[in-house]
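Working notes, structure below.
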Amino acid sequence: MTLSNKLSDPRLFRQYAYVDGKWTHGDGGREEAVFDPATGETLGHIPWLEPHQITEAVDAAEAAFVHWRALRADERCERLLAWYDLLQANREDLALIMTLEQGKPLPDARGEVEYGASFVRWFAEEGKRTFGETIPSHIPNAALGTIKEPVGIAALITPWNFPLAMITRKAAAAMAAGCPVIVKPAGETPFSALALAELAERAGIPAGVFNVVLGEPPEVSRILCAEDRVKALSFTGSTRVGRLLLEQCANTVKRVSLELGGNAPFIVGPDMDPREAAFAAVAAKFQTAGQDCLAADRILVHESIHDEFVEHFAERMAALTVGNGLENEVDLGPLIHRQAVEKAAAIVDDAISKGATLVAGDQTQAPGENFFMPVLLTGVTHDMKIWHEESFAPVAGITAYADDDQVIEMANDTEYGLAAYIYTHDIRRIWKILRALEFGMVSVNSVKMTGPPVPFGGVKHSGLGREGGVTGIDEYLETKYYCLGALGSVSGS
Ligand SMILES: NC(=O)c1ccc[n+]([C@@H]2O[C@H](COP(=O)([O-])OP(=O)(O)OC[C@H]3O[C@@H](n4cnc5c(N)ncnc54)[C@H](O)[C@@H]3O)[C@@H](O)[C@H]2O)c1
Ligand SMILES: N[C@@H](CC=O)C(=O)O
């Protein structure tokens with residue numbers, strides 16, 4: 001049974017790129033297979049576009065920009081809201097496509113469709129509030145102010161772990177601002193992006209405003225980064241690739257937004273109920289099978305409650321079910337591919353060889369070759385890979401600490417600075433640690449921290465800029481200052 005036969009609406013499964021409102025083959029005949037990570041089955045194929053076809057996508061976006069930017073904000077809002085409605089109406093099919101290509105459990109995929117759609121609604125509305133300002137004039141008889149204008153064509157390069165929401169968080173902001181977009185999704189999860197394109201077309205988004213290009217990643221990125229007509233690049237993915245793209249954008253002096261890797265500390269204070277904190281830590285570590293930029297990678301527990309915390313963590317972890325995301329009651333799906341499993345195993349081996357204790361995690365129980373059973377390590381230290389690298393796998397590492405100063409130093413001991421968690425009810429401790437943490441986002445006593453109203457993003461090597469919130473749209477806007485001089489009677493305001 002092919003993927004399209006499993007959908008209520010088979011037209012949501014597309015095996016073409018989408019450029020200028022047309023479904024497009026690769027002119028050179030190159031293509032790539034896409035696999036279900038749970039079963040290894042081939043789900044379908046996508047074309048790799050040739051370099052001239054990427055340039056054609058830029059041509060299409062350039063032409064579309066003229067009309068899209070000229071629409072009133074409320075007209076763009078209506079079309080984006082129509083897109084939002086279609087995402088909601090097709091939630092089951094979108095979730096199924098996502099589970100099949102990404103592996104996450106179906107309920108999580110449904111949650112991501114909701115999450116992804118919520119950015120479309122948010123930015124549809126925010127597009128009506130791209131206010132300029134009036135500046136009290138210091139120049140006689142002049143009026144000064146600013147106008148916000150769309151930056152131009154935006155290239156959006158996205159990862160496989162959140163195949164839909166990482167696109168909408170960028171695309172909706174850009175499109176609401178009046179910018180056409182060229183999306184380059186991860187090759188592992190292109191079908192969610194292509195379903196978004198199908199629904200954008202049905203929503204009345206004009207040809208050339210939402211394009212999806214597919215191809216050899218470095219080739220496509222080099223063209224988009226070198227293209228002077230592309231004015232903004234927004235990338236979500238690894239810090240390694242983010243650095244490369246930043247360099248490649250230097251020549252054309254693009255606006256660059258980077259949402260990169262994380263290595264979140266999860267700090268547990270001595271006053272916490274160890275069971276409550278352990279259950280929260282399990283939730284923060286194992287969502288999306290640990291393949292989450294917000295995953296609690298370094299769990300730092302006060303020494304006075306460490307042993308009890310570990311017991312509860314192990315108990316909760318043992319209750320997690322690993323399996324095909326299509327099956328009921330599955331908590332963790334597969335990792336995205338075999339290399340991810342190998343990387344996870346190497347990180348665990350490295351930690352054990354350097355003195356960490358393996359509390360739980362038996363890989364002989366894995367239900368398939370891309371699966372990795374949850375692992376719990378204690379005694380994790382600074383010299384281990386797990387301390388510095390994103391495992392992007394269900395591997396939890398716990399370390400005991402003695403006092404607040406020590407835990408702050410431990411938490412900040414990473415090149416990353418995306419998200420951090422603090423669990424304690426002591427308000428003085430919360431404030432001290434929150435202010436000292438070098439992270440873009442700090443969540444206190446809550447695993448959930450994201451959503452459309454919040455400015456999502458990191459500091460240090462975790463990125464540049466913010467997505468979502470009231471500032472997310474600014475990544476796609478230029479500020480034009482004006483001075484209207486010689487107005488005669490105007491003065492003083
Ligand atoms: N900060 C955030 O909001 C956020 C959100 C999700 C994922 N991430 C990060 O993404 C990473 C996991 O995703 P990934 O493995 O898809 O990342 P990745 O960097 O390997 O790939 C991301 C995108 O870049 C493309 N790409 C890969 N190699 C490239 C190259 N050499 N040149 C140009 N493009 C290239 C890929 O095809 C994909 O579209 C993790 O580090 C995770 O923390 C961050
Ligand atoms: N979980 C993040 C995406 C990172 O992988 C989010 O909520 O946006």
Side-chain angles (χ1 to χ4, degrees), residues 32-43 95-109 111-112 158-166 185-192 217 236-241 260-264 282-298 317-318 320-327 329-352 358 360-377 385-386 388-397:
E32 186 182 33
V34 180
F35 302 100
D36 176 344
T39 62
E41 265 172 48
T42 304
L43 295 172
L96 184 56
I97 292 171
M98 193 186 302
T99 294
L100 286 167
E101 67 178 0
Q102 201 281 334
K104 65 181 67 182
L106 208 42
D108 292 5
E112 187 183 335
T158 55
W160 47 261
N161 67 335
F162 280 75
L164 190 143
M166 296 303 97
E188 292 87 346
T189 56
F191 296 130
S192 295
T236 297
S238 63
T239 297
R240 180 186 69 80
V241 176
L260 307 177
N263 183 6
V282 167
K285 174 61 229 183
F286 295 111
Q287 46 199 349
T288 328
Q291 305 170 111
D292 194 313
C293 58
L294 303 179
D297 279 339
R298 291 168 303 136
M317 192 179 95
L320 297 173
T321 306
V322 179
N324 188 321
L326 294 179
E327 288 161 14
E329 313 294 329
V330 162
D331 301 296
L332 274 71
L335 299 192
I336 191 68
H337 40 46
R338 189 66 203 161
Q339 298 93 290
V341 171
E342 284 160 10
K343 180 181 168 195
I347 281 183
V348 172
D349 290 348
D350 171 80
I352 294 171
L358 176 68
D362 178 2
Q363 299 312 321
T364 63
Q365 302 301 309
E369 77 155 12
N370 287 348
F371 290 87
F372 199 79
M373 300 303 286
V375 168
L376 172 56
L377 297 164
K385 282 185 182 167
I386 187 175
H388 298 285
E389 289 181 22
E390 258 188 314
S391 66
F392 237 51
V395 180

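Every heavy atom of this structure was used, including side-chain atoms; hydrogens, water molecules and symmetry mates were not.
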For the atom pair CD (Glu112) and CE (Met166), what is the distance rounded to the nearest 0.5 Å? 6.5 Å

Closest approach of Gln291 and Phe162, non-hydrogen atoms and distance? O-CE1, 4.5 Å

Could you please spell out the steps behind the side-chain contact (heavy atoms from CB on, under 4.5 Å) verdict for Leu106 and Val330? CA-CA 9 Å; Leu106 208 42; Val330 162; over 6 Å; no

If you round to the nearest 0.5 Å, how far is CG of Leu96 from OG of Ser192? 10.0 Å

Nearest heavy-atom pair of Ala186 and Pro159: which atoms, and what distance? CB-C, 3.6 Å

Would Phe191 and Leu43 satisfy side-chain contact (heavy atoms from CB on, under 4.5 Å), going step by step from the backbone distance to the final call? CA-CA 9 Å; Phe191 296 130; Leu43 295 172; 4.2 Å; yes

Is it the case that the ring center of Trp160 lies less than 6.0 angstrom away from the ring center of Phe392? yes

Apply side-chain contact (heavy atoms from CB on, under 4.5 Å) to Asp350 and list each qualifying residue two or more places apart in sequence or on a separate chain. Lys354, Met384, Lys385

Would you say that Pro105 contacts Glu327 through its side chain, given a criterion of any heavy-atom pair below 4.5 Å between the two side chains? no

About how many Å separate CG of Asp331 and CZ of Phe286, when rounded to the nearest 0.5 Å? 10.5 Å

What pairs with Glu32 under side-chain contact (heavy atoms from CB on, under 4.5 Å), at least two apart in sequence or on another chain? Ile46, Trp48

Looking at Gln339, I'd like to know if its CD atom is crowded, meaning that more than 12 non-hydrogen atoms belonging to other residues, nucleotides or ligands lie closer than 6.0 Å. yes

How about Thr288 and Lys104: do any of their side-chain heavy atoms sit closer than 4.5 Å? yes

Heavy-atom closest contact (Pro334 atom, Gly103 atom, distance): CD-O, 3.3 Å

Any side-chain to backbone donor/acceptor pair from Glu390 onto Gly262? Under 3.5 Å, distance only. yes

Heavy-atom pair of closest approach, residues Leu100 and Pro37: O-CD, 3.4 Å

Any side-chain heavy-atom pair of Thr189 and Asn161 under 4.5 Å: no

Distance-minimising heavy-atom pair for Gln102 and Ile336: O-CD1, 4.0 Å

From Thr158 OG1 over to Leu164 CG, what is the distance, rounded to the nearest 0.5 angstrom? 10.0 Å

Close side-chain approach of Ile347 to Val375, heavy-atom, < 4.5 Å: no

Does the side chain of Phe35 come within less than 4.5 Å of Asn370's, by heavy atoms? no

Testing the basics here: between Leu332 and Pro374, what is the closest heavy-atom pair and its distance to 0.1 Å? CD2-CG, 3.9 Å

Heavy-atom distance under 4.5 Å between the side chains of Pro190 and Glu101, does that happen here? yes

Is there a side-chain contact between Val34 and Thr42, using heavy atoms and a 4.5 Å cut-off? no

So the salt bridge (Lys or Arg N to Asp or Glu O under 4.0 Å) pairs with at least one residue in residues 288-298 (sequence neighbours excluded) are Lys285-Asp297

Take Leu377 and Leu358 through the side-chain contact (heavy atoms from CB on, under 4.5 Å) test and state the conclusion after the steps. CA-CA 5 Å; Leu377 297 164; Leu358 176 68; 4.0 Å; yes

